[in-house]
Amino acid sequence: MEKVVLAFSGGLDTSVCVKLLQEKYNMEVITACVDVGQPEIEIIRPAQVANKLGVKKHYTIDAKDEFAEEFIFRAIKANAMYEGYPLSTSLARPLIAMKIVELAEKVKADAIAHGCTGKGNDQFRFESTIRSGSLCSIIAPVRDLSLTRTEEIAYANENNIPLPYDKEYSIDENLWGRSIEGDVLEDPMVETPEKAFEWTVSTENAPEKAQFLDITFENGVPVAIDSIKMGAVEMVTECNSIAGSHGIGRIDIIENRIIGLKSRENYETPGAVLLLTAHKALEQLVLSREELRFAETITQTYSDIVYKGIWHEPLREDLDCAIDNMQKRVTGLVRLKLHKGSIKILGRESIFSLYSEEAVTFEDKETDQREMAGMVKNYALQAACYQRVCKKD
Ligand code: ARG
């Protein structure tokens, strides 16, 4: 019997895949759940479901540190954001696929399977990564059979497949955020029900009392909150809980998927919103105007690459080199105030600050202001010429 490793979350799609692979494809199924910081129950449950579905070998692969250090921290340095979405799901997919490839090699599997449908982005992300690292064939049972969600639920019921307790929305969670799709949310005029949210409180229910905090960055990545040093996973976890408790990080957008479909997406990404806001504030202080302008272009290209799932594209590595060089000076402290869904920057400081109080102050007597007259005189020379040549009546 041929062996297949299935990337398994214990959700509807991948649970249906287990049975299909066993019965329709006649394969020995090995399941693997990659821990990228989803809630603990989402790690425990897949093991139980796999067992119930008669899977002989289930693996749990801890990739939290790698996700935080190698993916989330790169995203922070790049200010990665796609159409207002901090790319939480997108960033985790290549890592999950890489771990599955490693396992497939270890167990000498003949194929790798995933539960993606034919309409989403994840099929691109998984397959491009798998093909960059393995010669295994790839099977996508839900896509192969063109199943709808209702058909999947019916198949699950017929085959005694345990369904997740909350099957109302399609949820994807990891350390960098929580993505919520489907059901009533498919109507873009329907306000997202309060019960869809788990990581954030509503602005109305956020505390009246503001919270002040200092975030320290070194080489573009956060290393301490209020001078307490912490590792990457702890840092992001802590920021999620602090910002979430103030109602920060709810995002509701119409997003352009890879295949061109527009989809309505809800996200809870409190830590990402907090850390990206702080990071940008520090960049304003230490990077030159030219660097800041160029960094915006980098952000755009980098985010598109991540969203499109082409993590192994050489341009991503090229951009990371440029980013890392620039980020050497993004070291310092940002002081913030969180209150009822808002983040205010109260202050920033850095040993690499390009800001000069002496130069900018209105009280300065040393600079001879008259020296500027020549520079100002021919400023906008072309605009003046254009007005003279084209706008005379
Ligand atoms: N639209 C997002 C992306 O492509 C999130 C998808 C989340 N998936 C889910 N099952 N809710 O990255």
Side-chain angles (χ1 to χ4, degrees), residues 7-17 33-34 36-39 42 45-46 67 71-72 74-75 78 80-97 114-129 140 142-143 147-150 152-153 156 163-188 190 192-193 195-200 249-269 272-273 276 302-311 316:
F8 188 62
S9 68
L12 176 66
D13 294 324
T14 55
S15 297
V16 163
C17 282
C33 171
V34 181
V36 280
Q38 55 273 52
E42 302 299 335
R45 212 182 152 271
F67 183 46
F71 291 79
I72 294 178
R74 285 191 195 284
M81 184 73 84
Y82 177 87
E83 299 179 353
Y85 156 48
L87 292 160
S88 39
T89 296
S90 331
L91 272 172
R93 296 316 193 193
L95 178 59
I96 294 172
H114 62 76
C116 303
T117 66
K119 285 192 172 176
N121 295 324
D122 289 333
Q123 52 182 334
F124 293 92
R125 299 171 182 151
F126 275 127
E127 294 196 20
S128 65
T129 309
V142 175
R143 187 182 63 195
L147 294 177
T148 65
R149 209 170 149 76
T150 309
E152 285 185 64
I153 293 173
L163 290 178
Y165 36 91
D166 170 20
K167 45 185 169 13
E168 217 167 336
Y169 308 110
S170 168
I171 310 274
D172 178 66
E173 279 177 281
N174 64 48
L175 200 52
W176 203 223
R178 180 166 181 269
S179 310
I180 316 152
E181 285 180 318
D183 200 53
V184 292
L185 304 175
E186 285 178 356
D187 178 348
V190 167
T192 308
K195 63 172 191 258
F197 300 109
E198 277 183 13
W199 289 23
T200 54
R250 286 190 183 181
I251 297 167
D252 180 346
I253 52 169
I254 299 296
E255 180 179 301
N256 291 294
R257 284 195 192 156
I258 296 170
I259 60 168
L261 272 177
K262 283 193 186 290
S263 68
R264 197 269 186 96
E265 300 284 338
N266 273 269
Y267 300 105
E268 291 183 281
T269 55
V273 171
L276 291 171
Y302 199 92
S303 307
D304 282 349
I305 286 176
V306 172
Y307 190 81
K308 289 198 270 187
I310 44 175
W311 185 256
R316 199 268 306 158

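These values consider heavy atoms only, across backbone and side chains, with no hydrogens, waters or symmetry-generated copies. Every number for a ligand or one of its atoms is a count from 1 in the order of the listing. The structure presented is a predicted model; accordingly, all values stated were derived computationally and were not measured.
Residue contacts with ligand 1 leave out R93, since none of its heavy atoms falls under 4.0 Å from the ligand. At least one heavy atom of Y85 sits under 4.0 Å from some atom of ligand 1. For Y169, the heavy-atom gap to ligand 1 stays at 4.0 angstrom or more.
Using modelled atom types, one finds no donor on one side chain facing an acceptor on the other under 3.5 Å when comparing R178 with S88.
The main-chain N or O of T200 is found under 3.5 Å from a side-chain atom of R250 such that the two form a donor-acceptor pair.
Electrostatic pairing of R149 and D183 does not count as a salt bridge here, judged by no charged N lying under 4.0 Å from a carboxylate O. A salt bridge links R257 with E181; the closest basic N to acidic carboxylate O contact falls under 4.0 Å.
Below 3.5 Å of separation, one finds an N or O of E255 facing an N or O of ligand 1. Polar contact check, S170 against ligand 1: a nitrogen or oxygen pair lies under 3.5 Å apart.
Within ligand 1, the atoms closer than 4.0 Å to a non-hydrogen atom of T89 are 5 (C), 7 (C), 12 (O), numbered from 1 in the order shown. Close approach to R125 involves these atoms of ligand 1, each under 4.0 Å from a residue heavy atom: 3 (C), 4 (O), 12 (O). Residue N121 approaches ligand 1 through these ligand atoms, each under 4.0 Å from one of its heavy atoms: 3 (C), 4 (O). Annotation for ligand 1: atoms under 4.0 Å from non-hydrogen atoms of S90 are 12 (O).
Scanning all heavy atoms of the two residues, the minimum distance from I180 to A196 falls at CD1-O, 3.5 Å.
How far CG of D252 is from CG of N266: 4.0 Å, rounded to the nearest 0.5 Å.
Shortest contact from atom 7 (C) of ligand 1 to any protein heavy atom: S179 CB, 3.5 Å. Of the protein's non-hydrogen atoms, the one nearest atom 8 (N) of ligand 1 is E181 OE1, 3.4 Å.
Contacts between Y267 and ligand 1, counted as non-hydrogen atom pairs separated by less than 4.0 Å, involve the side chain only.
Proximity of the aromatic rings of F71 and W311 is defined here by a centroid distance below 6.0 angstrom, and this criterion is met.
A parallel orientation is assigned to the rings of Y82 and Y307, their planes being inclined by less than 30° (bins at 30° and 60°).
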